[in-house]
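Worksheet: the structure to be examined is printed underneath.
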Amino acid sequence: MAAKTLVDPGRFDFNLALQPDLERYAVRITPENVSFVSKRDEEIRFAGMDESIVPVTEGLNLIDILKDHDATDAEAQSITAAFEDHFDIAGLAEGQRLRIAYAPSPDDLERMRPERISLYENTEHQATVARADSGNYIKAQQPSTFLAGAFEEADRVSYGGPTPAIYDSLYQTALEQELPEEIINDLVRMFSFDVDFNARVQPGDALELFFTQSDANAAPKILYAALNTGSTKREFYRYRTPDDGIMDFYDNSGQSAKKFLIRKPLNGGKFRSGFGMRRHPIHKYTKMHRGVDWSAPRGTPIMAAGNGTVQKAGWSSGYGRRIELRHTNGYTTTYNHMTGFAKGVREGARVTQGQIIGYVGSTGLSTGPHLHYEVLVNGRYMDPMRIKLPKGRTLDGEMRTAFEAERYRVDTLIDRARKPSRVAAIN
């Protein structure tokens, strides 16, 4: 039995919201060509600003990270030069973290401008630079506030801003609890039909699992799983339908967790970019991103999101190797930048949901191995993470009665486990 909180409210300092708005700004008069910044002035200046914590991954440099997080070319160059001039830091290493504080740009109030940038080695402060009145970035004081546990428990946590995505938090929490890989894969598949993995975790969100132990003859199996997100609780029970022998997960009403399409058609992988307007990573201008991106090692299997017919399987300009599947009711899904197709996948072939159709690659216009996944309804691009999908099988009659008996058995086991419970929690 494992119960895990995805976000601990204690990690967040909500007292900043109580500060008067004028306390966020410091006004000072100094002689020409003379400037100074006191520690108190800095604390007031940065109090309440939106902040992001950005992990440094392999192959990324400081300029690219800054430009991907709202810095202009000139700002990114100036920040990089300041780190090198004042701290002799010319490059970044995997595992380091950048903490960026933002404020609205006076020239464009719709744009959040980087005001202070700090570099951490794990949770240890290494260097900080901040924007001066001249517009250049100079050496600055270390931030006086710190989010306990944020660097360790989340890939991206913003101070006073967005929390980690559900997918990042769920997967990282499962790994930290040392759950078996089979359990994690089932868990992601189970909720991938109905959960917007790109949505942000809120304080109080939690995951509860009840599963069998593995042995020499059998891998561990989830018997029950519950995910609390906001005001919604999703509960599923493992059940094998006797008429077709298919194992699936069903909710309290006997409704299958499966939907018409899978939202995330590959195991593992990391959510990198959502649906909507974004700055193109290669062309460097803002354009519509008509799908979602999942980064994964080259060769990771890609599954068909639903039953359908292969409409296209070949090269498609910037998409590289691309597969288009035509489903019923006007639905189409596309899979792009693939390194290759699975055996037998060609135009006109029939595929079933979950069948491997190809493998992650970086063909076409791509900055690295990933899957660009799209969903179209009657030719119109839709957000794969938010689109409402038709439901799967619903149990009724004698099968519903048999499922209720199995659900009662599992609930009884859970109640017994809770009394002397062995509970693992993240704080």
Side-chain angles (χ1 to χ4, degrees), residues 1-3 170 174 179-197 206-215 217-229 231-267 303-309 325 327-331 333 350-357 375 384 387-418:
M1 185 70 180
L170 185 149
L179 295 180
E181 189 69 22
E182 298 88 347
I183 293 292
I184 298 176
N185 290 336
D186 276 348
L187 188 63
V188 172
R189 279 196 297 267
M190 185 190 316
F191 293 110
S192 65
F193 292 93
D194 197 40
V195 174
D196 177 7
F197 280 137
L207 170 71
E208 187 176 16
L209 295 177
F210 186 70
F211 55 92
T212 65
Q213 295 291 335
S214 59
D215 55 38
N217 299 320
K221 296 180 178 62
I222 296 177
L223 299 180
Y224 166 85
L227 180 64
N228 286 285
T229 54
S231 60
T232 303
K233 182 177 182 179
R234 300 171 179 85
E235 294 181 285
F236 293 109
Y237 295 81
R238 184 186 191 91
Y239 182 68
R240 187 181 300 276
T241 45
D243 58 344
D244 55 14
I246 294 176
M247 193 287 300
D248 197 2
F249 293 93
Y250 295 85
D251 65 15
N252 292 335
S253 65
Q255 173 67 56
S256 170
K258 286 184 178 178
K259 299 294 188 294
F260 180 63
L261 296 177
I262 300 173
R263 295 188 189 276
K264 178 176 176 286
L266 78 168
N267 285 334
M303 300 175 291
N307 300 335
T309 302
L325 297 184
H327 310 278
T328 58
N329 302 320
Y331 284 79
T333 57
R350 293 280 302 172
V351 296
T352 58
Q353 186 176 71
Q355 177 182 335
I356 295 175
I357 58 174
V375 175
I387 185 174
K388 296 293 185 181
L389 298 173
K391 296 182 178 181
R393 181 175 185 176
T394 300
L395 302 177
D396 55 16
E398 293 182 0
M399 206 168 303
R400 174 66 182 276
T401 302
F403 166 72
E404 291 293 343
E406 172 63 12
R407 187 167 72 90
Y408 177 78
R409 183 184 76 87
V410 172
D411 284 342
T412 302
L413 292 173
I414 292 174
D415 288 340
R416 290 176 183 172
R418 282 191 176 121

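The first residue in the sequence is number 1, and the count goes up from there. The model shown is predicted, which means the values in this text are computed figures rather than measured ones.
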Study note, to complete from the structure: Scanning both residues in full, the closest heavy-atom pair of T352 with A304 reads O-CB, 3.6 Å

Exercise for review: Could you go through the side-chain hydrogen bond (donor to acceptor under 3.5 Å, both in side chains) check for Y250 and Q255 one step at a time?
Suggested key: CA-CA 5 Å; Y250 295 85; Q255 173 67 56; over 6 Å; no

**Study point:** Side-chain (Q353) to main-chain (A305) donor-acceptor, under 3.5 angstrom
**Key:** yes

Check your understanding: Hey, are the side chains of L413 and Y408 touching, using non-hydrogen atoms and a 4.5 Å cut-off?
Key -> no

Practice item. Considering non-hydrogen atoms only, spot the tightest contact between M399 and T241 and give its length. Key: SD-CG2, 3.7 Å

**Study point:** Contact summary for E404 and N252, nearest pair of heavy atoms
**Key:** OE2-O, 3.6 Å

Point to revise | R263 side-chain N/O to P384 backbone N/O, donor-acceptor pair under 3.5 Å | key: yes

Exercise for review: With sequence neighbours excluded, tell me which residues meet salt bridge (Lys or Arg N to Asp or Glu O under 4.0 Å) with E406.
Suggested key: R409

Practice item. Examine distances only and state if a side-chain atom of D251 and a backbone atom of F236 form a donor-acceptor pair shorter than 3.5 Å. Key: no

Review point. Going by heavy atoms in the side chains, are T212 and I222 under 4.5 Å from each other?
Key: no

Point to revise | Polar side-chain atom of E208 near backbone of A225 as donor-acceptor pair, under 3.5 Å | key: no

Check your understanding: Given the rule in the side-chain contact (heavy atoms from CB on, under 4.5 Å) test, do L325 and I357 qualify, once you have shown the distances and angles that lead to the verdict?
Key -> CA-CA 10 Å; L325 297 184; I357 58 174; 4.3 Å; yes

Review point. What residues, two or more places apart in sequence or in another chain, satisfy side chain to side chain donor-acceptor pair (under 3.5 Å) together with D396?
Key: none

Check your understanding: H327 versus F260: any side-chain heavy-atom pair under 4.5 Å?
Key -> yes

Revision key, fill the gap. So CZ of R234 and CG of L207: to nearest 0.5 Å the spacing works out to 12.0 Å

Point to revise | Min side-chain heavy-atom separation Y224-I414 under 4.5 Å | key: yes

Check your understanding: What's the shortest heavy-atom distance between A226 and K233, and which atoms?
Key -> CB-CE, 4.0 Å

**Study point:** Atom pair CZ/OG1 of R350 and T309 - distance to nearest 0.5 Å
**Key:** 4.0 Å

Review point. Side-chain contact, heavy-atom cut-off 4.5 Å: T333 with L261?
Key: yes

Check your understanding: Should Y239 and F249 count as side-chain neighbours, where that means a heavy-atom distance under 4.5 Å?
Key -> no

Practice item. Give a yes or no on whether the backbone of G245 and the side-chain of R240 come within a donor-acceptor separation of less than 3.5 Å. Key: yes

Review point. Is there a donor-acceptor pair under 3.5 Å between the side chain of R400 and the backbone N or O of S253?
Key: yes

Exercise for review: Could you pull out all residues at least two apart from Y237 that satisfy side chain to side chain donor-acceptor pair (under 3.5 Å)?
Suggested key: D411

Check your understanding: Can you check whether M303 reaches Q355 side chain to side chain, under 4.5 Å on heavy atoms?
Key -> no

